[in-house]
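One structure is given here, and the rest of the page talks about it.
Everything numeric in this text was worked out from a predicted model, so none of it was measured. Order of listing sets the numbers, starting from 1, for every ligand and every atom in it.
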Amino acid sequence: MSEITHTKLEEIKEKTDKYLVGNYKRQDIAFKYGVGEMLFDMDNKPYIDFLCGISVTNLGHSDADIIDALRSQADMLFHTSNLFYSEEAANLAEALVENSFPAKVFFCNSGTEANELAFKIARLHGIAQKMEKPVVLSLAKSFHGRTVSAMTITGQEKVRQGFGELLPDIDYITENDIDSLQAAFDRYQGRVAAFIMEPIIGEGGIIPISDEFAILARKLTQDENALLIFDEIQTGIGRTGKLFGYEHFNFQPDVMTLAKALGSGFPIGAVMVGEKYESLLTPGTHGSTFGGNHLAMRVAYETLKIIVGREILQHVNALSDFFFTKLNIMKTKYDILKEVRGKGLHIGLDFTIQAPQIAEECLRNGLVVNATAGSVIRIMPPLNISIEKVNEGLSILENVIAKFAKDSKTESYSVS
Ligand code: PLP
């Protein structure tokens, strides 16, 4: 039996290599189904999911209410287009605004598309303010997506390399460095149209933005009549212990981009445009065929309803304390674990060794995590994960860390 299923993975790999472009480096696993916090591969081997498809399936897999919402909407209507009104889109927009700040919403299909519009809004704002060559600022370790403008505002050089000249009038600020932030606003005085930041840098290595830095960013953008754009594509929808990451600071952004967990795995993106700025988007300035389709709207509405209604954020905060306590104990035990960072269930472990090998060993042992920024293991379990599975997952992780810690000691002895 297992031989047959093993052949199945080999078949999938062969077909993938033959027919899909080679832009992804994949792990040697194909998942067949998921239940709650568990994933099962082609051999029905179980894995604890500490990744949520990169902060997407925040309610775990196959939540009955999400499935019901999708099924009942599928019975009614998939798509009609933005030529017409949509009850589902209006309901979701209302729920988003009621749970965040006074704004209006545009719906699209992914994070990069949401940031694409945020960038266009920044340009529209700069031009409306008669700025000469409006500048958009972002953070040096940020990640904002893969379209040309999302890629250009992405600070990480490796993402931008190899595509020739990108968009002009963009500059990068060192995260949590208030001198770098102040210097950029001084350098481009009268020209800063927007500053975009993730409240916790995700792909760049789970780096929480300090209160001091964020508060200065809010002040400078206000003083300079620049937009403060929060990219909450990874931090939004409960991941950090608040519904949105900006709530950790005592202010609101002007524009917020969302995607990933908003749709529980159904593709969606959203841009929330503060009331003061929504008039920048007049008919013809932007659009999307699929954006706002009935299926995505219905599923996202259900997702939001569950997260707000099921006391999930309290659970996240209780589990977060548990995670950080356990992980900080591991830090004291294993030298290779340098730092434990993050907020809520958006957690990064920074190692003295390369992280991909740790992620692969965790996978072999039935725990799904992922490596980012070279040395960081990212932990993003479902927000409703049970304490039993957290304990099981953490003990797999600790065994793996212990193994690498032992190996690194043996290596250093043999070197000296
Ligand atoms: N912004 C942030 C903070 C992200 O983490 C990501 C994806 O990882 C994106 C934007 C791009 O989103 P998408 O992959 O949906 O285009």
Side-chain angles (χ1 to χ4, degrees), residues 21 23-26 51-58 106-122 136-156 158-160 170 172-173 175 194-209 214 217 228-240 242 244-246 248 253 255-272 288 290-291 293 296 299-300 303 341-348 359 369-373 376-380:
V21 296
N23 61 318
Y24 296 115
K25 191 173 170 295
R26 299 173 204 275
L51 181 61
C52 283
I54 321 183
S55 198
V56 169
T57 50
N58 277 8
F106 174 85
F107 290 116
C108 51
N109 313 285
S110 68
T112 198
E113 276 176 78
N115 285 335
E116 183 72 32
L117 176 58
F119 181 80
K120 284 175 74 172
I121 293 170
V136 176
L137 299 172
S138 72
L139 294 177
K141 289 192 177 151
S142 61
F143 180 79
H144 296 297
R146 303 283 188 171
T147 56
V148 171
S149 29
M151 189 168 74
T152 314
I153 54 175
T154 289
Q156 295 178 62
K158 66 170 196 240
V159 176
R160 287 183 273 121
I170 310 247
Y172 312 103
I173 293 165
E175 37 285 322
F195 173 37
I196 180 164
M197 57 178 260
E198 299 157 79
I200 298 177
I201 290 181
E203 303 295 314
I206 313 290
I207 305 170
I209 296 304
L228 182 61
I229 303 171
F230 265 39
D231 175 341
E232 296 248 16
I233 286 158
Q234 200 165 128
T235 51
I237 321 299
R239 176 55 55 198
T240 69
K242 306 260 188 198
F244 303 108
Y246 79 80
H248 291 285
V255 174
M256 176 164 74
T257 54
L258 299 170
K260 286 190 184 276
L262 178 57
S264 286
F266 200 96
I268 188 171
V271 183
M272 306 206 47
S288 163
F290 289 133
N293 79 80
V299 174
T303 303
R341 298 191 291 256
K343 271 192 187 127
L345 293 179
H346 195 233
I347 303 170
V369 291
N370 121 290
T372 192
V376 178
I377 286 289
R378 200 161 26 169
I379 298 180
M380 303 189 291

Tell me whether Glu198 has any N or O atom under 3.5 angstrom from an N or O of ligand 1.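 It does not: no N or O of Glu198 is found under 3.5 Å from an N or O of ligand 1.
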Using a 3.5 Å cut-off on N or O atoms only, is Glu113 in polar contact with ligand 1?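 No.
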Any atom of ligand 1 sitting under 4.0 Å from a heavy atom of Lys260?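 Right, Lys260 reaches ligand 1.
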Please confirm whether Ile54 comes under 4.0 Å of ligand 1, counting heavy atoms of the residue only.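 Ile54: no contact with ligand 1 (<4.0 Å).
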What's the spacing between Ile196 CD1 and Leu137 CG if we round to 0.5 Å?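 Between Ile196 CD1 and Leu137 CG, I get 11.0 Å after rounding to 0.5 Å.
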Identify the closest protein heavy atom to atom 1 (N) of ligand 1: which residue and atom is it, and at what distance?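 For this ligand atom, the closest protein heavy atom is Asp231 OD2, 2.7 Å.
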Out of [options], indicate the one that has the non-hydrogen atom closest to [atom].
atom                    : options                : result
atom 10 (C) of ligand 1 : His144, Arg146, Met197 : His144
atom 11 (C) of ligand 1 : Ile201, Thr112, Leu258 : Thr112
atom 13 (P) of ligand 1 : Gly236, Gly111, Cys108 : Gly111

Give a yes-or-no answer on whether the side chains of Thr235 and Thr240 include a donor-acceptor pair shorter than 3.5 Å.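 Checked: Thr235/Thr240 side chains show no N/O donor-acceptor pair below 3.5 Å.
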For Arg239, is there an ion pair with Glu232 - N to carboxylate O distance below 4.0 angstrom?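 Result for this pair is no, no salt bridge flagged.
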Side chains of Ile170 and Phe119 in contact at under 4.5 Å (non-hydrogen atoms):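 They are in contact (side-chain heavy atoms under 4.5 Å apart), so the answer is yes.
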Does the side chain of Arg378 reach to within under 4.5 Å of the side chain of Ile54, using non-hydrogen atoms?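 Result yes, sub-4.5 Å side-chain heavy-atom pair found.
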Tell me if the NZ atom of Lys343 is crowded by more than 12 foreign heavy atoms within 6.0 Å.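 Yes, the 6.0 Å shell around NZ holds more than 12 heavy atoms from other groups.
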Is it true that, when you exclude Phe290 itself, more than 12 heavy atoms of the residues, nucleotides or ligands shown sit nearer than 6.0 Å to its CZ?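 Result for CZ/Phe290: open.
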Quick one: does ligand 1 sit under 4.0 Å from the side chain of Glu203, the backbone, both or neither, non-hydrogen atoms only?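 The side chain, only.
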Which is it for Thr235 and ligand 1 at heavy atoms under 4.0 Å: side chain, backbone, both or neither?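 Under 4.0 Å from ligand 1, Thr235 contributes no heavy atoms.
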Would you mind listing which atoms of ligand 1 come within a distance below 4.0 Å of any non-hydrogen atom of Asn115?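 The atoms of ligand 1 under 4.0 Å from a heavy atom of Asn115 are 1 (N), 10 (C).
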Considering only heavy atoms of Gln234, which atoms of ligand 1 have at least one such atom less than 4.0 Å away?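 What qualifies from ligand 1 is 5 (O).
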For the residue pair Phe244 and Gly236, what are the closest heavy atoms and their distance?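 Shortest heavy-atom separation between Phe244 and Gly236 comes out as CD2-CA, 4.3 Å.
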